[in-house]
Amino acid sequence: MIMERIAESLFFTLLLCLVTPSSGEHGGEDLVFTATGPRFSFLVLGDWGMNTKSQRHVARAMNREAASLHDPLFVLNVGDSFYKAKDATGIKQGGVADVTDPVWRERFEDVYHGTHLQNIPFVSILGNHDYMGNLTAQMLYGQQNGRFLMPDRNYVSRVVDAQTGETLATFVHIDTTPEVGMYFDKPESPTMERNLRQLSDSNTLRWLNATLARVANNAGYKFVVGHHPVVSVHGSETKKSQKTMRERVDKIRLVLENHKVDAYFNGHLHLLEHRTLNGVTYIVSGGGGKVKSYARNEKHANVPGWTADGSDVEGGFATLSVDLAKGEANVRYLDSHGQELFSPNLSHPRRNSKDPPFQPLRLGDTQLPRALRIGSQGVVLPQLRADTTRPALASTTLSNIKSSLLTVTRSFGRCFGRVWKQVVRT
């Protein structure tokens, strides 16, 4: 009887360890990347899996750029990874069918295979075109190919300094497709409709709000990554759909401002764009497959910034180089041939880790604080950077492996510590 009780206790304690994410010192991140020092960089790419000449041109330019970046840790993939033609009945297709779908090789592995790209993972989120396929397959693919990482629909990643253990940047990755609302009203395909209906929790906004409050005291930059634009002078939808989307994403904007997020990265718009509103910088990098031109979005028409669309380039991507020792980050927008188009700086991280913790924004409030309203004040357009020279590539593959093993070891240690305590009590 006693042994049965011990076995039962062990079973449920182990089960709890498996299904409960570790809270840890920093809140249980899904991915942790290790930089060789206080400087690191990454590339930003979206809307890419089209099998176009432009996609291949962008991939080659990214490979050349990765060779010159200091400590490039990953490609920040802002969604819409795989496009497909309509089927015989005219129904839109997209995403992947499963982990063996040929598009994995045709539009990912055989495209981004350059010497300086082949060991850099794509840290990924879902876009609306991905919702036309198998969502789970994109999350599972990383188990057989570690170059495409998507632990969940919404997750947190962090970059740490290998020398000091200090956090250099925290990334909160979100699935915006359910949040923008219009796809529930008018899904783009039967598969998208089915995927949306099967979601156990489609409230990305509340998760984002709570998560930003949880990681508020992490040192370094705070970045949020989504697929759909939050602030842009361009509109990609019909007037009715665009109105629905803008109303929903404006709530995301309020959350970003409330938590003093440094930058929001997105795609969806097939262009490159840089805007700053109320302290938050909005970086659009949706030129991975091709670039288009769009009608203006009047809501943000007066927000100053910069754009390269179909009238300027055929494709493009962005990079971001962080130097926390200097308290700055440099953004570079490049075309499909690697030519620099625009190079603004981000200022030092807006929030100090010693600041009092933020509280989540009360989403049900109808009257918002004055600081959370769009106004003419606080809109700053970063200045062009004159110095474009960059140091040589530094490899971090081994340090990343060590960091991952250390994280796993600590998780198992915590888990078995709880098991042992349970045995003693029993």
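Starting from 1, each residue takes its place in the sequence as its number. None of these values were measured; they are calculated from a predicted model.
Side-chain contact between Thr204 and Arg153: present, with at least one pair of heavy atoms (C-beta onward) separated by less than 4.5 Å. Between Tyr221 and Leu324 the shortest side-chain heavy-atom distance falls below 4.5 Å. Contact of the Gln339 side chain with the Val313 side chain is not registered, since no non-hydrogen atoms from C-beta on lie closer than 4.5 Å. Residues Ser81 and Phe148 form a side-chain contact, since some pair of their non-hydrogen atoms from C-beta on lies under 4.5 Å apart. Residues Gln143 and Val99 form no side-chain contact, since every pair of their non-hydrogen atoms from C-beta on lies 4.5 Å or further apart. Under the 4.5 Å side-chain criterion, counting only non-hydrogen atoms from C-beta, Leu277 is in contact with Arg253.
With sequence neighbours excluded, no residue satisfies side chain to side chain donor-acceptor pair (under 3.5 Å) with Ser41. The side chain to side chain donor-acceptor pair (under 3.5 Å) test applied to Gln118 returns no partner, not counting sequence neighbours.
Considering all non-hydrogen atoms of both residues, Val284 and Tyr333 come closest at O-CE2, 3.9 Å. What you find for Leu31 and Pro151 is that their closest heavy atoms are CG-CG, 3.8 Å.
Between Phe33 and Phe40, the distance separating the two ring centers is not shorter than 6.0 angstrom. Tyr131 has its ring centre no less than 6.0 Å from the ring centre of His227.
The environment of Lys290 atom NZ is sparse: at most 12 non-hydrogen atoms of other residues, nucleotides or ligands sit within 6.0 angstrom. The local environment of NE2 in His348 is sparse, with at most 12 non-hydrogen atoms from other residues, nucleotides or ligands closer than 6.0 Å.
Side-chain atoms of Asn218 and Thr167 include no donor-acceptor pair closer than 3.5 Å. If you check the side chains of Asp335 and His57, you find no donor sitting under 3.5 Å from an acceptor. Looking at Thr307 and Asp309, their side chains never bring a donor and an acceptor atom within 3.5 Å of each other. Side-chain contact, Ser321 with His70: no donor N or O sits under 3.5 Å from an acceptor N or O.
Remark: side-chain polar atoms of Gln55 are paired, donor with acceptor, to backbone N or O of Met50 under 3.5 angstrom. The backbone N or O of Ser347 lies less than 3.5 Å from no partner atom in the side chain of Asn345, so there is not a single donor-acceptor pair. The backbone N or O of Asp175 sits less than 3.5 Å from a side-chain atom of Asn154, completing a donor-acceptor pair. Not one N or O on the side chain of Arg275 forms a donor-acceptor pair closer than 3.5 Å with the backbone of Val231.
Interatomic distance, Asn217 CG to Lys222 NZ, rounded to the nearest 0.5 Å: 7.5 Å. Note that OH of Tyr264 and CG of Leu256 are 7.5 Å apart. Values are rounded to the nearest 0.5 Å.
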Self-check item: Evaluation steps, salt bridge (Lys or Arg N to Asp or Glu O under 4.0 Å), between Arg350 and Asp262
Solution: CA-CA 6 Å; Arg350 299 175 64 209; Asp262 294 292; 5.1 Å; no
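With respect to Asp47 and Lys292, no salt bridge is recorded, no charged nitrogen being found less than 4.0 Å from a carboxylate O.
Just one of Val224, Val261, Asn209 meets the side-chain contact (heavy atoms from CB on, under 4.5 Å) condition when paired with Val255; it is Asn209. Of the residues listed (Thr177, Asp80, Asn128, Thr176), the one engaging His268 in a side chain to side chain donor-acceptor pair (under 3.5 Å) is Asn128, and it is the only one.
A cation-pi contact, defined as under 6.0 Å to the ring centre and within 45° of the axis, is absent between Arg107 and Phe82.
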